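Some notes on the structure that comes next.
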Amino acid sequence: MKFAIDLAKRATGQTSPNPVVGSVVVKNGEIVGFGAHLRAGEAHAEVNAIQMAGVDKANGSTVYVTLEPCSHFGKTPPCSDLLIQSQVSRVVIASTDPNPLVAGKGIEKLRKAGIEVDLGVCEEEALALNQVFFHHIKTGKPFVTLKTAASLDGKTATHTNESRWITGPDARLDVHQYRHQHDAILVGVGTVLADDPSLDTRLPNGGKNPIRIILDSHLRTPLNSKVLTDGKAPTWIVTGSKPDLEKVAALEEKEGIKVLTLPMEKVEVNALLSLLGEEGITSLFIEGGATVNGSFLKEKAIQQVITYIAPKLIGGKGAPTLVGGEGFATMDEVVELEIKEVTKMGPDLKIVSAPKLD
Ligand code: AOF
Ligand code: ZN
């Protein structure tokens with residue numbers, strides 16, 4: 001199962017909106033096949049693994065799979081049917097599939113066919129592996145990761161707004177791995193006006209660019225900004241209920257640009273997340289700016305926090321900090337995090353944390 005989890009992990013970020021899944025076929029104590037789900041619309045993990053094993057070796061084998069085999073006709077036929085036809089003896093499953101189309105029906109089918117099914121092997125790792133898929137399928141909203149980088153005193157720029165660079169090249173490269181793995185990246189229009197960023201993925205071996213989402217209640221994104229002109233990825237401008245229709249037309253004339261209108265004057269985080277979830281965005285990477293970060297914090301709409309800390313002291317009352325907005329008034333209300341991982345990255349520190357579950 002650890003090998004199956006490892007196979008699945010390697011496909012992180014490339015299977016959206018599907019989960020990552022790995023599978024290993026064992027016969028008489030030998031590995032005879034293995035595979036992963038590589039891309040939505042393509043073969044599921046079990047199909048690849050069984051195909052490698054072939055008919056003879058699959059017969060009577062034990063199949064390890066990180067997610068409950070599916071029971072439905074989606075873009076591909078049900079994996080549970082394939083396992084039954086292949087006459088495997090036993091299926092070992094790490095986590096069940098919360099997709100309402102599956103949700104236990106895969107396991108039921110296998111058991112009814114007389115196949116021995118064992119559940120919950122390496123379950124914790126398997127749940128962590130697909131936290132994005134599970135969150136999206138259960139809530140209909142994207143899994144939100146808040147990324148920030150600051151000095152040791154929590155500043156994101158000097159009081160004259162200089163911010164290049166606070167963290168070193170290793171930390172900055174790490175950020176691009178996250179961009180590659182996310183469906184979409186989000187910033188506020190303030191960041192576009194200040195920095196004209198391209199928000200693409202720059203990794204030594206290439207990478208997938210996330211869809212760029214700009215929160216822009218008053219359509220202030222300049223028509224010549226990089227996110228509207230460089231064609232590197234689609235850009236979605238999210239605006240409020242009373243947009244300037246001429247501006248909307250000018251934006252939508254451009255290739256790859258879409259304007260999403262929310263039914264309230266100023267963009268609200270929860271309405272935004274529901275809309276993005278419906279549009280098929282399963283994971284959202286926020287590289288926001290203090291105001292945007294503050295509005296996601298206020299709504300407690302963050303599932304993971306990635307913080308890079310540079311060993312520098314910037315100081316200054318007027319220098320911007322990681323999270324702005326209103327903030328919370330009392331310690332009862334603050335978001336408490338659990339630290340999951342601390343890594344030294346070049347001269348900097350990377351901290352991965354997540355809100356504590358009540
Ligand atoms: C499996 N093995 O490797 C994966 C599964 O549209 P489809 O046919 O690709 O079905 C997608 C759904 O199948 C997805 O939402 C999830 O419930 C399940 N994914 N199941 O048995 C796999 N990727
Ligand atoms: Zn399947």
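Atom set for the values below is all heavy atoms of this structure, side chains included, hydrogens, waters and symmetry mates excluded. For clarity, every value in this text was computed on a predicted model and none was experimentally measured. Just follow the structure's listing: the first ligand is 1, and inside any ligand the first atom is 1.
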Checklist entry - Got a salt bridge between K9 and E125, using NZ or NE/NH1/NH2 to carboxylate O under 4.0 Å? => result no
- Message: Distance alone, cut at 3.5 Å: any donor-acceptor contact between the side chains of D216 and T221?
- Response: yes
task = For the pair R10 and D6, find out whether any cationic side-chain nitrogen is under 4.0 Å from an anionic carboxylate oxygen.
result = yes
Atom 3 (O) of ligand 1: closest protein heavy atom, distance to 0.1 Å, is A45 N, 2.8 Å
for atom 6 (O) of ligand 1, nearest protein heavy atom and its distance come out as K75 N, 3.0 Å
Ranked by distance from atom 11 (C) of ligand 1, the top protein heavy atom is N18 OD1, 3.5 Å
Problem set entry | Distance-only N or O hit between ligand 1 and E42, under 3.5 Å | no
_A side-chain contact here means heavy atoms from C-beta on lying under 4.5 Å apart; do I84 and I115 qualify?_
yes
Exercise. State whether D244 and R220 are salt-bridged, where the test is any N-O pair (Lys NZ or Arg NE/NH1/NH2 against Asp/Glu carboxylate O) under 4.0 Å.
Key: no
Could you check whether any heavy atom of F133 sits closer than 4.0 Å to an atom of ligand 1, since that is the contact criterion I want to use? yes
Ligand 1 to E68, heavy atom cutoff 4.0 Å, flagged ligand atoms 21 (O)
min-distance N/O/S atom, H44 vs the Zn ion (ligand 2), resolves to ND1
If you scan protein heavy atoms around atom 23 (N) of ligand 1, the nearest is H37 CD2, 3.2 Å
Are E268 and K298 ion-paired here, with the side-chain N under 4.0 Å from a carboxylate O? no
Checking heavy-atom distances from atom 19 (N) of ligand 1 to each of G106, P19, C70, the winner is P19
heavy-atom search around atom 17 (O) of ligand 1 in the protein gives D97 OD2, 2.5 Å
The protein heavy atom nearest to atom 2 (N) of ligand 1 is E46 OE1, 2.8 Å
The option among N99, L101, V20 carrying the non-hydrogen atom nearest to atom 15 (O) of ligand 1 is N99
*Heteroatom distance test (C79, ligand 1): nitrogen or oxygen, under 3.5 angstrom*: no
H72 heavy atoms within 4.0 Å reach ligand 1 at atoms 10 (O), 12 (C), 13 (O)
for atom 20 (N) of ligand 1, nearest protein heavy atom and its distance come out as H44 ND1, 3.4 Å
A student checking ligand 1 against P69 at a 4.0 Å heavy-atom cut-off should list atoms 21 (O)
- prompt: Going by an N to O cut-off under 4.0 Å, is there a salt bridge joining E116 and R111?
  reply: no
Atoms of ligand 1 under 4.0 Å from any heavy atom of V21, numbered from 1 in the order shown, are 3 (O), 4 (C), 22 (C), 23 (N)
Sidechain N-carboxylate O distance under 4.0 Å for K147, E287 = yes
Once you measure the plane-to-plane angle for F285 and H182, does it fall in the parallel (<30°), tilted (30-60°) or perpendicular (>60°) bin?
tilted
Problem - Metal check, the Zn ion (ligand 2) vs C70 N/O/S, cut-off below 2.8 Å - result: yes
Does CD in E265 sit with more than 12 non-hydrogen atoms of other residues, nucleotides or ligands closer than 6.0 Å? no
If you measure only the distance, is there a donor-acceptor pair under 3.5 Å linking the side chains of D200 and S198?
yes
